Amino acid sequence: MDQINTRACALPQPKLVGEFNGELVHEITLTGPDGSSCRILTWGAVIADLRVKMPDGPLQSVVLGFEKFEDYPKYSPYFGAVVGRYANRISGGGFTLDGQRYTLDQNEGPNTCLHGGAGGLSQRVWTIDAYSKESVTLGLHSPDGDQGFPGALDVKCTYTLSESAILSLEFNAVSTQSTIVNLSQHSYFNLDGSGSISDHRLTVFADRITPVDSALIPSGESLNVQGTPFDFMTPRPVSAPQCPMDLDHNFILTRPENLPVTQGSLAAILETQKTGLTMQIYTTKPGLQVYDGHQLNVPIVGLNGQKYGPRSGICLEPQFFPDSPNQPAFPSAQLAAGEIYAHSIEYRFSCI
């Protein structure tokens with residue numbers, strides 16, 4: 001069956017870039033009104049490259065990735081992928097829902113499910129449901145029991161590149177039975193093309209984090225960031241004397257009161273003084289996982305001939321909290337049968 005909706009036939013066809021488990025993989029290039037561009041793969045709904053128009057004319061690549069599709073299944077640590085069914089970690093090998101225990105694929109450590117399991121949404125070929133010059137909608141059907149999750153889940157992800165270098169994502173999903181859903185975007189950002197994001201300045205609008213154990217599983221408590229290495233309430237370098245540790249933590253966002261759940265709020269700002277480029281992230285979800293890429297060690301070169309070592313890029317992943325199905329005090333990620341899961345993320349780029 002052709003993956004491409006016939007509504008798009010008047011446009012140039014997406015580029016065929018390879019196969020994965022017998023399915024064709026395509027690439028779609030979006031072009032914004034200001035000339036910014038974004039390459040999207042149907043494998044994993046991956047942002048393969050995002051180039052932002054700079055005031056002096058050139059395009060600045062701002063994410064880590066590969067030139068060729070075949071490098072993604074072999075070497076990618078979730079570069080640019082949509083992760084789920086449950087982004088982040090679920091402990092204890094599974095969870096209990098409505099009195100029934102569900103055992104998940106355990107792909108990290110002895111009993112942790114990370115990003116939906118080894119065969120999660122980031123490892124699948126999505127369909128192209130519709131696209132235009134500036135937008136594409138991808139779809140995926142996840143059957144009942146997929147990686148251990150209950151309910152057949154139909155997922156939609158729409159990327160739109162709009163004026164003033166704004167990339168927005170809209171997630172929607174619906175399940176045939178009660179389940180848990182937590183989708184996010186796993187791009188690694190580097191705003192100036194340097195070998196490290198340690199000097200990038202980061203602001204996170206969160207006054208608390210969810211502390212974790214040695215397996216990065218939350219204790220169920222919250223910790224005030226004031227006076228700790230996790231205080232990014234005012235801008236400071238990602239790696240600095242104030243933060244002499246590796247970052248892979250969930251920040252509890254200070255969402256304004258009375259803001260509709262459908263409206264995104266400012267979660268974080270990333271900036272580099274080298275080029276003056278700034279990225280603001282808006283989200284409708286309550287948490288932001290900040291991973292500074294300290295474990296990166298990719299054996300091949302990436303975009304623009306770059307070698308990706310520790311802290312070559314930083315992940316800023318809006319989502320529900322990790323392990324929330326096993327943490328009753330956390331916001332619930334439960335989705336009832338027939339209910340619509342919705343999540344929006346927006347990346348706004350500008351120059352300071």
Side-chain angles (χ1 to χ4, degrees), residues 27-28 30 32 36-52 61-66 72 76-89 114-116 120-124 126 135-140 142 153 155-162 165-173 181-191 197 202 204 247-251 253 264-270 279-293 296 303 313-322 333 341-349:
E27 176 185 287
I28 310 99
L30 308 180
S36 296
S37 68
C38 184
R39 287 195 296 119
I40 306 292
L41 297 177
T42 55
W43 183 83
V46 160
I47 297 174
D49 197 4
L50 175 58
R51 295 177 180 264
V52 175
S61 182
V62 296
V63 296
L64 307 191
F66 301 115
Y72 279 90
S76 176
Y78 301 101
F79 280 163
V82 168
V83 288
R85 290 188 183 190
Y86 198 94
N88 217 309
R89 296 169 173 89
L114 175 65
H115 295 324
L121 306 188
S122 61
Q123 310 294 314
R124 306 290 177 84
W126 297 52
S135 182
V136 62
T137 297
L138 304 176
L140 185 69
S142 176
L153 189 74
V155 183
K156 301 289 184 185
C157 171
T158 299
Y159 290 101
T160 302
L161 190 58
S162 58
I166 298 174
L167 179 65
S168 61
L169 286 75
E170 295 289 340
F171 292 112
N172 286 278
V181 180
N182 183 30
L183 307 178
S184 192
Q185 225 295 328
H186 204 284
S187 283
Y188 289 74
F189 292 97
N190 184 315
L191 302 185
I197 48 81
L202 177 65
V204 182
L247 286 172
D248 195 356
H249 296 78
N250 171 62
F251 286 70
L253 299 174
S265 61
L266 183 59
I269 301 173
L270 186 67
M279 178 181 72
Q280 296 180 328
I281 299 181
Y282 287 75
T283 179
T284 54
K285 287 296 177 249
L288 183 76
Q289 186 77 11
V290 177
Y291 170 50
D292 64 4
L296 278 175
L303 296 174
I314 185 171
C315 294
L316 301 167
E317 308 159 55
Q319 56 193 251
F320 281 119
F321 300 173
Y341 169 94
H343 178 195
S344 66
I345 304 173
E346 192 170 86
Y347 306 99
R348 301 181 184 179
F349 297 89

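What you see is a predicted model, and the numbers here were worked out from it, not measured in a lab.
- Put simply, the side chain of V83 does not reach to within 4.5 Å of the side chain of Q319, judged on heavy atoms.
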What verdict does the side-chain contact (heavy atoms from CB on, under 4.5 Å) test give for V290 and L316, after you've listed the backbone C-alpha separation in whole Å, the side-chain angles of each residue and the deciding distance to 0.1 Å? CA-CA 5 Å; V290 177; L316 301 167; 3.9 Å; yes
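- For Y78 and E317, the side-chain atoms include no donor-acceptor pair closer than 3.5 Å.
- At least one side-chain heavy atom of L296 sits less than 4.5 Å from a side-chain heavy atom of Y188.
- Of the possible polar contacts, none joining the S61 side chain to the R51 backbone as a donor-acceptor pair under 3.5 Å is found.
- Using a distance-only test at 3.5 Å, with no hydrogens or angles considered, no donor-acceptor pair links the side chain of R124 to the main chain of S142.
- Between L303 and R39 there is a side-chain heavy-atom pair separated by less than 4.5 Å.
- Between the side chain of D292 and the backbone N or O of L247, at least one donor-acceptor pair lies under 3.5 Å.
- The closest side-chain heavy-atom distance from Y347 to L169 is below 4.5 Å.
- Across I281 and I345, no two heavy atoms sit closer than the pair CG2-CG2, 4.3 Å.
- Under the 3.5 Å distance criterion, the side-chain polar atoms of N182 are matched with a main-chain donor or acceptor of F320.
- Taken to the nearest 0.5 Å, the CD atom of Q280 stands 10.5 Å off from the CZ atom of F349.
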M279/V62 under side-chain contact (heavy atoms from CB on, under 4.5 Å): CA gap, chis, key distance, verdict: CA-CA 10 Å; M279 178 181 72; V62 296; over 6 Å; no
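- Side-chain contact between S122 and H186 is absent, with no heavy atoms from C-beta onward closer than 4.5 Å.
- Here L191 contributes atom CG and I197 contributes atom CD1; the two are 10.0 Å apart, rounded to the nearest 0.5 Å.
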If you apply the rule side chain to side chain donor-acceptor pair (under 3.5 Å), what do you find for S184 with H343, and how did you get there? CA-CA 8 Å; S184 192; H343 178 195; 5.7 Å; no
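- Across every non-hydrogen atom of L161 and G32, the tightest pair is CD2-N, 3.5 Å.
- A 4.5 Å side-chain heavy-atom check between C38 and L50 finds at least one atom pair inside the cut-off.
- Looking at W126, its side chain does come within 3.5 Å of a backbone N or O of L121 through a donor-acceptor pair.
- Distance check, rounded to the nearest 0.5 Å: CG of D49 to CG of L41 gives 10.0 Å.
- With sequence neighbours left out, the salt bridge (charged side-chain N to carboxylate O under 4.0 Å, His left out) criterion links R89 to E108, D248.
- The side-chain heavy atoms of V82 and L138, taken from C-beta on, include no pair separated by under 4.5 Å.
- In plain terms, the two heavy atoms of A333 and Y86 that are nearest each other are CB-CE1, 3.7 Å.
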Worked verdict on R348 versus I166 for side-chain contact (heavy atoms from CB on, under 4.5 Å): CA-CA 5 Å; R348 301 181 184 179; I166 298 174; 4.1 Å; yes
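- S135 OG to Y159 OH: the interatomic distance, rounded to the nearest 0.5 Å, is 11.5 Å.
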Checking side-chain contact (heavy atoms from CB on, under 4.5 Å) for the pair I28/T42: CA distance, chi angles, key distance, verdict? CA-CA 8 Å; I28 310 99; T42 55; 4.0 Å; yes
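- A donor-acceptor contact shorter than 3.5 Å links the side chain of T284 to the backbone of S344.
- Remark: aromatic rings of Y72 and F79 are distant, center separation not under 6.0 Å.
- Using a 4.5 Å cut-off on side-chain heavy atoms (C-beta onward), Q185 and I47 make contact.
- Within the 3.5 Å criterion, the main-chain N or O of L183 finds a donor-acceptor partner in the side chain of Y341.
- Side chain of H115 to main chain of N88: a donor-acceptor pair is present (N/O by atom type, distance under 3.5 Å, no hydrogens or angles).
- Remark: side-chain polar atoms of T283 are paired, donor with acceptor, to backbone N or O of K285 under 3.5 angstrom.
- With N190 contributing its side chain and G313 its backbone, the two residues share no donor-acceptor pair below 3.5 Å.
- The shortest heavy-atom contact between S36 and V52 is OG-CA, 3.6 Å.
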